[in-house]
Every structure is written in structure tokens, then in C-alpha cells.
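Notes to accompany the following structure.
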Amino acid sequence: MCGIVAYIGHREAYPVILKGLKRLEYRGYDSSGVALLNNGMKVYKKQGKVAELEETLVGKDLHATIGIGHTRWATHGEPCDRNAHPHTSKNGKLSMIHNGIIENYAQIKSELIKKGYNFVSDTDTEVLLKFIEDIHSNNGGSLEEAVRIALKRVVGAYVIVLLDEDNPDTLIAARKGSPLVIGIGKGEHFLASDASPIIEYTKEVVYVNDYEVAIIRPDELILKNLGNEKITPFITKLDMELAAIEKGGYDHFMLKEIFEQPHTIFDCLRGRLDAAAGTITMSGIQQYAEQLMTANRIIMIACGTSWHAGLVAEYIFEELTRIPVEVEYASEFRYRNPVINKGDVIIAISQSGETADTLVAIESAKEKGAIILGVVNVVGSSIARTSHAGAYSHAGPEIGVASTKAFTGQLAVLTMMALKLGYMKGCISEKRYMHLLNELNDVPEKVATALLQKEAIEAVAHKYKNASDALYLGRGYNFPVALEGALKLKEISYIHAEGYPAAEMKHGPIALVDDQLPVFFVATKDSFHEKVLSNMQEIKARKGKVIAVVSEGDDSANQLADDLIVVPYADELIAPIINVIPMQLLAYYIGVAKGLDVDKPRNLAKSVTVE
């Protein structure tokens, strides 16, 4: 959600910024712009894709060794040129980009209007910039000081980067609630919302923390808090390769990331799961072993696909640890004044590690004495740093907006957590524990086998690409898989789809069934198998189209299903990691068949850093 790129150093800034903005397109946006400083401030911005901005700049004087760039996802004001970033100060000497929301912008705007300020956009960003300008012009201090004063007054989330015509060798940046990474080169610095625009230039980065201000020059990085106290930057080495953020011969990032899953799940398990030795090594769990074993309850908080991972984990944790589990939408949890007791365990699940609702929710729970465990994909992210402990999913950069490999990585991590905790508590027999270790160890190979069904799945996708609605049904561990399948179809194909527990279908959704409605069943072999077959009979009796994901060797659904998708059998506790693969491919191939941009679905953003 919004992308920020900035550069200062000895290179031409524009090519670095442009490439960086393209790398951040996956975050979701509706307009883009750049500001360059060379013999005056030059600001260019355009509604639409980065390529449209690039086209309008052909033949322009773009020479500069300092500049800022932005992709905007609209919050305040419609998508249009005037609302695009960067925004410019009243005197024309300052330019600023911003990610986040300033909640009290209307009050500040009213005060500035009374002072004679005019506004050309509808954005909160222009208000913040002119507020900084007003403080700077009236107080007579440095721009850095004006930024600190302004940020003490504003309420909300932000990353800002300022370009100052009077200080052409300095960038000023600040962060609260939205991510900012600073790459350190030789006589140059790179700023971005995440590491993807930086990785080809340097692997040494600093993750800016909340309430920190950065003063950046070609050969100098100064960090301060809002009280003007210097902070020693903590330099981290990126564990990422350039190839990880390129398509590698695939038509789309989403397809690449679906087919990466045998490797990404293996990477998630590697060094942790040793099936032969019967061990799971997770230092974060071990560190808080006593508190986890005596916890009265576990609360999982997440949004979107990560919430579905939490729902699967609810079944797994309660089965293996006998600890009550609640799964909460972070966006609701943060506002409903939940009862949190000291010693409660909060598991925060997020691909980006920057999800605003989840971050605020765990900060509140932490203040009340809860133990926070993070399950995130992005190393060094805010949730990872806020948590007491946790585990990375090690899925690598996920560029496609609709999550695929991050979801299966989350399931692998959560399953290992539950297995380790359940075994430490003595809730699992040795035989069952070893069986599940071996089942989990076999997942990468079984996922690879499931991917071999791509041609059959593509044929099913073409058959149902023109559907206007769809139902996804499953039971037990596979109910959240049905939810995830429906979400993927909505995200990628814009077909209205709903997921339900299969038994709930009779309590309302069955009214939708006719001879045009595709109903996707997760019908692999498990404790609920006979019940799911009965639900399939109910759909067939009403002439609905039945598409079933079934276990290899199981022919019980052959006479009931219009279309079958076969996956390897796995223990029902492990099976969701495998069963979701056809759901991902179905959504992908239907989206492609409809001619849609599957990597960047309309209106969606990869990292949701605002409410």
C-alpha cells in the first residue's frame, strides 16, 4: 500500500527511482510521481501506472543525483494527477512523499487556511507538508527541527521523505507505523518501503523504527528520536537475492510463487524439522516454553489470508496442545477492548510484518502483559521487532498481491509450533508425534505432485471462467481452505465467491444453487469425508456443478463430481497445506483466462499499512 523510493549519492537518481517504483508496483497503487533536485525543484506526477509516468517524462531534463519517488494508493481524495505524490510546499522549495494516514489533518488544515494557505489537493499529505513549512518559516530553525515539532503534533501513521531546495545534499525522513528501509552504499543511500528496490545496489540496510527521524547525506546517515537525541543505526545484512524478485521465465509472479512452494516450504522446515531424529528446533518456542505450556489460552490475530492460516492453526493447536484458541480479525480486536490477561499468548500472523491493524493490536496486548509470538515472512519487519519471539516463514519475497507461498509457509510454521508445544506438554503420543513429523516432512514432495495437476486445473478454470458466483465448501481442517479458495477467486478473477463449512450450506447458501453455480468442495480423505460426500449429493440433487478436490486413489466422488482434481493423500492435520494448491491454481488460471492482471488485482494492496 503506497510505495516510497528515494536516492541520494553519485548516480543519476531518476533511473534508480523509476526502477524502484516498478519493483514496488505489487504493493498496489493508482498514481505515481517523482521529484528531482537540480537547479530547482522538478516535480512530475501522473495518475495510472508507472509506465504512464515514464512515458510522459520522455525528453524531459531528468538529470539529478538526489530525488524522491512514490506510488499512491488513494485514501484522501480520488486518484488523479493533483492528488498524486510528491506534493510541494507553498514556497515551492520543499517536496514530500508520504505513506500512511494523518488522522487529525482536517484540524491542522483548518488552522493553516486561517493563516492564508491554499491547497491544490485533497490529501492529508499536502496538509502535513504545509504544516512543516509553516513551522519552519515561523520558528526560524532547521527543517529537521520543524519536522520533529510537526510530528509531535500529528496523529496517525506515516513515513515521510522530504526534499529541500535549500539543502540539496540532504534528505530528511521519518517513520511511525509504516515501513522504511535505508540502504547504505559507498557515498550513497537508498530509501524504500521495503528492500526490493535496494537489493541490487547494496545488502547493508537500516530498518528505521517508529518515532525516528533520519537525516541522510551521500556519505552520512544520522538517526534521531523526536526528542533530538541521536540513535546509533543498527545495520542489517539482507538475506535476499535479486533473482527472488524477478519473474524467472514465468508469465506472472503469482504463477512463479505458486510453483516455488515445494522449495519455500522445504526452506521453512529446513534446520527446524528433523523427522529422523524426532525433533523440532524453534528457539522462540523454547525460550518461552514454560509460559506457553501453562497458558490459559492462545489468541491468533491476523487479516485476510493470514487470518485463514490462523483458522487452520486453531484446529491444529487445540488438537495437539489442548489449549483453547481464539482467532481474531486484527481490525476488530484492536477496537473492541478485549479481555487480555497476563500470560495470555498472542500469535500475530502477517506476511509483510507491517499490517497496521495487527501491529497496533499486538502493541496493545503487549502492554497488558501478553506474550507476543510473531509469524511473519519479512525479516526485520515491525511485527517481528515488536514480538517477544516467533518464527519467520522463510518464503522469500512475495510479489504477487494475492498471497500464495506465504500462506503455506505460515501453515508450516504454525504446525511446527503446535507439534513442539503439544509434545512438550505430553498431549501427543510418541507414535502420533513421529507420524506427524514424517507427514510434515513429506509436504514439499506432495505439493510438487499436486502442482503436476496444473493442466487439469487449467481445463476446469476455462470451463467456469464465466461464472458470476461460486461456493467453496469444506469441513474441519479443510473449512478454512474453502475460505481461502473463495478469497483467491474473488481477488484474482473478480467473481463473487463465498466459503462455508459444508454443513452450513443448508442454512442459507443452498438457495443460490442452480444449474449454473459451480460449487468447489475440498473432499479429501479425513474424518468428515462421508459427511462431505452427503453435502455433494445435496448439490447434485439441485443440479449444481460440483468440482471436488479429492485424495489420490479415492474414487468415492467419481459419480458425484462434474470435475475432479486429485492431490496426494496426507494426514488431515497436514492436508490443508497441500489442498490449498488447486485453489490457488484455479484462481490464477481463471484470472488469466479472463485477461486480468493477476499480479496486481484492482483496488488491492500487498502491505496494508493503514486502517
So do the side chains of L128 and D124 get within less than 4.5 Å of each other, counting heavy atoms only? no
Is there side-chain contact between N296 and N341, with heavy atoms separated by less than 4.5 Å? no
Report the residues that fulfil side-chain contact (heavy atoms from CB on, under 4.5 Å) with Q287, sequence neighbours left out, ordered by chain and then residue number. A389
Rounded distance [0.5 Å steps], NZ in K224 versus CD1 in I172: 9.5 Å
Correct closest heavy-atom pair for I132 and A146 would be O-CB, 3.8 Å
Check this for me, if you would: do K93 and D164 make a salt bridge, where the nitrogen-to-carboxylate-oxygen distance has to be below 4.0 angstrom? no
A quick test of your reading: do over 12 heavy atoms of other residues, nucleotides or ligands sit less than 6.0 Å from NZ of K46? no
When rounded to the nearest 0.5 Å, the distance separating CG of L373 from OG of S387 is 7.0 Å
Exactly one of V181, I199, T202 should register a side chain to side chain contact (heavy atoms under 4.5 Å, CB included) with L238. Which one does? I199
Is K152 reaching over with its side chain to a backbone N or O of L226, donor-acceptor style, under 3.5 angstrom? yes
If you compare all heavy atoms of C303 against all heavy atoms of D357, which two are closest, and at what distance to 0.1 Å? SG-CB, 4.2 Å
When rounded to the nearest 0.5 angstrom, what distance separates CG in N167 from CD1 in I215? 11.5 Å
Could you check if a side-chain atom of H70 sits within less than 4.5 angstrom of a side-chain atom of C2, using non-hydrogen atoms only? yes
Report, as yes or no, whether the 6.0 Å neighbourhood of atom CG on N118 holds more than 12 heavy atoms from other residues, nucleotides or ligands. no
Would you please say whether a donor-acceptor pair under 3.5 Å links the side chains of N209 and R385? yes
Quick one: do E126 and R82 make a salt bridge, cutoff under 4.0 Å? no
According to the interplanar angle, ranging from 0 to 90°, do the rings of F190 and Y201 count as parallel (below 30°), tilted (30 to 60°) or perpendicular (above 60°)? parallel
Under the 3.5 angstrom rule, does the side chain of S364 hit a backbone N or O of A361 as a donor-acceptor pair? no
Whether K22 and E54 form a salt bridge (side-chain N of Lys/Arg under 4.0 Å from carboxylate O of Asp/Glu) is what I want to check. yes
With under 30° as parallel and over 60° as perpendicular, where do the rings of Y329 and W307 fit, or are they tilted in between? parallel
Judged by modelled atom types alone, do Y117 and D134 share a side-chain donor-acceptor pair under 3.5 Å? yes
For residues F119 and H87, determine if any side-chain heavy atom of one lies less than 4.5 Å from a side-chain heavy atom of the other. no
Both conditions, 6.0 Å and 45 degrees, for the charged tip of K49 above the ring of Y29: are they met here? yes
Could you give me the CA-CA distance, side-chain angles and deciding distance for R175 and E212, then say whether salt bridge (Lys or Arg N to Asp or Glu O under 4.0 Å) is met? CA-CA 6 Å; R175 174 242 161 105; E212 290 182 352; over 6 Å; no
When you compare the side chains of T65 and E12, does any donor N or O come within less than 3.5 Å of an acceptor on the partner? no
With distance as the sole test, does D267 use its side chain to make a donor-acceptor pair with the main-chain N or O of H394 at under 3.5 Å? no
Treating K405 as the side-chain partner and A395 as the backbone partner, does any N or O pair qualify as donor plus acceptor under 3.5 Å? yes
Is the closest basic N to carboxylate O distance between R23 and E200 below 4.0 Å? yes
Please identify each residue that fulfils side-chain contact (heavy atoms from CB on, under 4.5 Å) with N39, with sequence neighbours left out. none
Per side chain to side chain donor-acceptor pair (under 3.5 Å), S403 is matched among Q351, Q410, E398 by E398
Test your reading of the model: is there a side-chain donor-acceptor pair from T294 to the backbone of E290, 3.5 Å cut-off? yes
Go through the steps to decide whether E326 and R297 satisfy the test salt bridge (Lys or Arg N to Asp or Glu O under 4.0 Å), and finish with yes or no. CA-CA 8 Å; E326 300 171 19; R297 64 173 177 164; 3.1 Å; yes
Is there a side-chain contact between T71 and V50 (heavy atoms, below 4.5 Å)? yes
Test side chain to side chain donor-acceptor pair (under 3.5 Å) on R72 and S31; report intermediate values, then the result. CA-CA 5 Å; R72 176 182 186 252; S31 58; 4.8 Å; no
Assert yes or no for the condition that the ring centre distance of H76 to Y105 is strictly below 6.0 Å. yes
Are side-chain N/O atoms of N83 and T123 paired as donor and acceptor at under 3.5 Å? no
Are T281 and R272 linked by a side-chain donor-acceptor pair shorter than 3.5 Å? no
Would a 4.5 Å heavy-atom cut-off, applied to side chains only, mark E133 and K130 as touching? yes
With S178 as reference, evaluate L359, I4, D210, N99 under the side chain to side chain contact (heavy atoms under 4.5 Å, CB included) test and give the passing residue. N99
Distance-minimising heavy-atom pair for V378 and S352: CB-O, 3.3 Å
Close side-chain approach of E260 to K256, heavy-atom, < 4.5 Å: yes
Closest approach of I17 and G67, non-hydrogen atoms and distance? CD1-C, 3.3 Å
Between E257 and T404 the two heavy atoms that sit nearest each other are CB-OG1, 3.7 Å
How close do A365 and I340 get, counting heavy atoms only, and between which atoms? O-CG2, 4.1 Å
Could you tell me if the side chain of Y288 sits less than 4.5 Å from the side chain of V345, heavy atoms only? no
